[in-house]
Amino acid sequence: MPDVQHDFAGQSISAARRYLQSTLAAAVLEDPHREARLLIEYATGLSPEQLLRDDDRSLSPSEALLIAEAVRRRLAYEPLSRIKGQRDFYGRTFVITAAVLDPRPETETLIDLVLQWVDATGGRQRPLSICDIGTGSGCILITLLAELPNASGLATDISSDALDIARINVERNGVAARASFTQARTLDGIAGPFDILVSNPPYIPSAEIADLAPGVREYDPRLALDGGPDGLAIFRDIAAWAGSVVPAGLIALEVGAGQADTVAGILTNSVENRAGLPWTEVDLGGHTRTVAMLTQR
Ligand code: GLN
């Protein structure tokens, strides 16, 4: 382990940056240049432009402590978002803690799919009702409520600690009046009817969790990752109830690598009031990431 007892106090920003770059590079973290810059931005609160301009200024004792603590955590592969306690998703900021999954950019594909459907079926002013299963930080429901000014929604999570974070995030993002919460694993006890059902459920097969990158395995909550023996347990559960909870509307689910066809099959076979066949959407990395299906009365 590289030296993490380093004292940054009184060092110039550029000296601290050089030290961080070589320390992060020695720990084989990807892109040590960028990481060093982000750590200093975090500790100083400076913008990237200010950072370049103030290259010579010395770090204060409190900035030095923040950097030392942040780099120590980063060297243990803790994601920077967790060190900061927040993550940007679809242009908004979400508080995160150890109780919730770190929102991922690929989940924005699910948001785009829902918004495309809304745009094509009457527009964003409609008073839609939305249910988000396994809300975690609340990023999916909150983003949709923010994008759809007359929508309201219910978020569930099995974890009460996660629901506490989602409640903080609805406040911070100004949609608290249109959101409610229920502690539940999936749709048991949830009646609806809703126009839209969304979920990014835990979908990693239990035996594969040990092989995940340490930044995921050690920091995302197991409850948010573990999808049972084949990773599909929650999809089966959701599909069993989805048709009655969404009598006429949209079901849109995020899926893991290689799961799209199987999840589409589960929806096709379980949802009696389906309208047509499921379709899929690809994320920015080219992976099939979302499976969606319509229902009708
Ligand atoms: N809905 C949250 C997200 O997409 C949490 C998902 C989860 O915990 N599996 O980030």
Side-chain angles (χ1 to χ4, degrees), residues 79 81-82 85-115 130-147 153-170 172-173 175 179-187 190 194 196-206 208-209 212-213 215-228 230-238 251-257 259 263 281 283-285 287 289-292:
S81 50
R82 290 202 181 276
Q86 63 180 53
R87 159 75 79 176
D88 287 347
F89 179 82
Y90 217 86
R92 297 180 184 82
T93 301
F94 292 83
V95 170
I96 61 169
T97 65
V100 301
L101 189 86
D102 190 355
R104 306 293 207 272
E106 53 266 33
T107 303
E108 297 183 343
T109 309
L110 180 63
I111 305 292
D112 284 331
L113 184 147
V114 173
L115 294 178
I130 305 168
C131 180
D132 177 18
I133 306 299
T135 199
S137 64
C139 63
I140 298 174
L141 179 70
I142 291 166
T143 300
L144 291 174
L145 292 181
E147 298 288 334
L154 171 70
T156 76
D157 205 286
I158 196 171
S159 154
S160 62
D161 290 341
L163 290 173
D164 287 343
I165 301 307
R167 284 193 183 93
I168 292 172
N169 284 322
V170 290
R172 294 220 174 180
N173 287 285
V175 297
S180 53
F181 299 92
T182 299
Q183 192 175 357
R185 178 173 173 270
T186 55
L187 288 165
I190 289 161
F194 294 98
I196 299 171
L197 172 72
V198 282
S199 184
N200 172 24
Y203 52 59
I204 311 289
S206 309
E208 290 175 22
I209 289 178
L212 296 173
V216 179
R217 189 184 66 217
E218 306 290 336
Y219 297 99
D220 278 311
R222 188 170 179 114
L223 268 179
L225 299 173
D226 192 341
D230 65 357
L232 301 168
I234 308 278
F235 293 113
R236 288 194 195 90
D237 224 67
I238 290 175
I251 300 166
L253 308 173
E254 176 165 323
V255 298
Q259 293 177 334
V263 172
E281 207 63 64
D283 67 19
L284 291 173
H287 303 283
R289 185 58 65 186
T290 316
V291 176

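In listed order, ligands and their atoms are each counted from 1.
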Option set Ile140, Thr135, Leu101, criterion heavy-atom distance to atom 2 (C) of ligand 1, minimum: Thr135
Asn200 side-chain N/O to Glu254 backbone N/O, donor-acceptor pair under 3.5 Å: no
Proximal atoms of ligand 1 relative to [X] (non-hydrogen, under 4.0 Å):
X      : value
Cys139 : 3 (C), 4 (O), 10 (O)
Ala224 : 7 (C), 8 (O), 9 (N)
Gly134 : 1 (N), 2 (C), 5 (C), 6 (C)

Residue that, paired with Glu281, satisfies side chain to side chain contact (heavy atoms under 4.5 Å, CB included) out of Asp112, Leu110, Thr109: Thr109
Polar contact flag, side-chain donor to acceptor under 3.5 angstrom, Thr135-Asp157: no
Tyr203 and Phe235 aromatic ring geometry - parallel, tilted or perpendicular at 30°/60° bounds: parallel
Verdict with reasoning, Asp220 to Arg104, per salt bridge (Lys or Arg N to Asp or Glu O under 4.0 Å): CA-CA 11 Å; Asp220 278 311; Arg104 306 293 207 272; 2.6 Å; yes
Closest protein heavy atom to atom 6 (C) of ligand 1, given as residue, atom name and distance to 0.1 Å: Asn200 O, 3.0 Å
Mode of Pro201 contact toward ligand 1 - side chain, backbone, both, neither (heavy atoms, under 4.0 Å): backbone
